Every structure is written in C-alpha cells, then in structure tokens.
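Comments concern the structure below.
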There are 2 protein chains.
Amino acid sequence: MGASKTDFFTTEQNEVASLFKALSHPARIAIIEYLLKVDTCICGDIVNELPLAQPTVSQHLKELKNANIIKGNIEGTAICYCLNLDTLKKIEHYFGTITSHLSSKCC
Amino acid sequence: MGASKTDFFTTEQNEVASLFKALSHPARIAIIEYLLKVDTCICGDIVNELPLAQPTVSQHLKELKNANIIKGNIEGTAICYCLNLDTLKKIEHYFGTITSHLSSKCC
DNA sequence: TTGTTTTATCGTAATATTGCAATATAATAA
DNA sequence: TTATTATATTGCAATATTACGATAAAACAA
C-alpha cells in the first residue's frame, strides 16, 4: 500500500488537510505572497515572477484555484488572478479556534 | 526531474511551505484535533485513536514533532504528547497578516 | 536476569507529487 | 484567413509520501 487512507477520516479532516496541501509547496507560497504584495489582480506576469517553467506554474495555479485560495477571471487573452479573502479568513479562523481552546498549562 | 526546486525560493517560503506540509494529511489533522479535544498531555493512546498501524502513527507524530507543531515529553515507558501553542499562534499570525493586508476590492 | 509494554526505526511496495517539453486551446490582431 | 500571445493539458521521468510488517530500543516489573 501507500496511498492515504482518506476514507478512515472525517470529511472535515480531509478538507482541512487538502487545504493545507495546497499551501505545502514553496512555489505556491511565493504565488500567494506575490499576489499579496502587488495587492491587485495580476494579469499574466506570474510566470515571469517564478523560477519555474510555464506549465509548472500553470499547474500550481490550478491547485491553488481548486483549493479556492485564489480566483481567476478571464480578461481577454490574459487571466486575472487574485487571492480569495474568504478562504484565507477561514484558515485563520481554524487556527484561532485552536489557539483559543488550548490551555497553556500543558507540558 | 520531479523534486521540489527548493533552492530557488527563499528560506522563509520553504519554512512556511514545510509547516503546511506537516498539516497536509488527515491523520495529522486528526492527531491535532484529538490533542485539542482532550486538552491535556496524552500518554500513549494516540495509536488507539487512529485507524492506522502503530509504525504509521509514529511516523506522523514524528513529522508533527519535526515541524514543532507538537511536543513530546518522555514519561517513563510512555511519551506525553501535546500541542505547541507557539507554532500554532505563528501560523494564525501568518494568516492574520495576509487577511489584514488584503484589500477586498479585488476581482 | 527475563518478560512486558511502549515507541522508534528499517525495509519495501503502492501511490502521489513535481517539473517540463511538446502540444493544444483560446482570444485577439493584422 | 494567418499570426501572435497567453494559458492549459498531455505524457512521462524523477522524486517524495504513505503505510505497514518486522524488528529494535528503552523503561520498568517480577
């Protein structure tokens, strides 16, 4: 064997894990930080910002889109990408719940 | 090729990505949520809580420990695991920075 | 000492991810 | 129409992850 035993965990646990999987590559972190830095929709130049070939960047963008971390709108020949505030807030809230429920008396 | 081109990204981007990689498996999310639920150090019964064999659980615990998401203290024969509040707060802060810097005018 | 319990490591098979060349698709320009 | 430009998809090789049986190691009990 070797594949994840997805079926043995709850839907929520699988969803949370796949959200973090989308964030688990430095190229995808770089994309997020670039979109944050320019603070606007970006049409086109993400490929030029990364040290990776165009098909590879396209693949990473697809993963971020599938996880709803970024949104992509078609603007003529180019595609306009930007961060999805809702999803990012959801992740922030997930950790907020953890840290607020956690007593520091432990260990 | 196929391996991550780690060298082409910043140290910080690689560190953030590997923190999320530690969170990218439902078994590790289940471990975190279990430690949160019992709200105390757990000596031993994590293996019984998960639908995975003992070596597999041990491997997942090691990854969480390497990422500083959990701490493990030896207590005689057993090992006492608990969540590392500092790291979890660091992740929460990372998203807080993103969401607060992000204008919603986009897309 | 030997036995028991608990956790870690080794070895390996199954599966998933990463990266890119080649190619395809889509929108616009000339 | 044919170019051009921008992004997506396909196919495949290299590498990484996941899972677990077998085994080792560590701590304690008898």
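Numbers restart at 1 for each chain; the letters A, B, ... are given by sequence-line order, proteins then strands. The structure displayed is predicted, hence computed values, not measured ones.
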So do [Y] and [X] actually touch side chain to side chain, heavy atoms under 4.5 Å?
| X | Y | result |
| --- | --- | --- |
| A/Leu19 | A/Ile69 | yes |
| B/Ile70 | B/Leu83 | yes |
| A/Ile91 | A/Leu23 | yes |
| B/Leu50 | A/Phe8 | no |

Spacing between [X] atom [atom1] and [N] atom [atom2], to the nearest angstrom:
| X | N | atom1 | atom2 | value |
| --- | --- | --- | --- | --- |
| B/Leu52 | D/dT17 | CG | P | 17 Å |
| A/Asn66 | C/dA16 | CG | P | 16 Å |
| A/Phe9 | D/dA19 | CZ | C1' | 11 Å |
| B/Lys21 | D/dT18 | NZ | C1' | 13 Å |
| B/Leu50 | C/dT6 | CG | P | 16 Å |
| A/Phe8 | D/dT18 | CZ | C1' | 14 Å |
| B/Glu63 | C/dT7 | CD | C1' | 16 Å |

**OP:** For B/Arg28 and for A/Val47, locate the closest nucleotide of DNA chain D by heavy-atom distance; then report the residue assigned to the nucleotide nearer the 5' terminus.
**Re:** A/Val47
Subject >> Trace of the ring pair (Phe, Tyr, Trp, His ring centres under 6.0 Å) decision for B/Phe20 with B/Phe95 >> reply: CA-CA 12 Å; B/Phe20 290 129; B/Phe95 283 103; 5.6 Å; yes
Original post:
Is any side-chain nitrogen or oxygen of B/His25 closer than 4.0 Å to OP1 or OP2 of D/dA19?
Top reply: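 For D/dA19, OP1/OP2 do have a side-chain N/O of B/His25 under 4.0 Å.
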Using nucleotides 8-11 of chain D, report all nitrogen or oxygen pairs with the protein that are shorter than 3.5 Å.
from, atom 1, to, atom 2, distance (Å)
D/dA8, OP1, A/Lys65, NZ, 3.3
D/dA8, OP1, A/Tyr81, OH, 2.9
D/dA8, OP2, A/Ser58, OG, 3.0
D/dA8, N7, A/Gln54, NE2, 2.7
D/dA8, N6, A/Gln54, OE1, 2.9

Original post:
Is the backbone of B/Gln54 close enough, under 3.5 Å, to the side chain of B/Ser58 for a donor and an acceptor to pair up by distance?
Top reply: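 Not confirmed, B/Ser58 side chain does not pair with B/Gln54 backbone.
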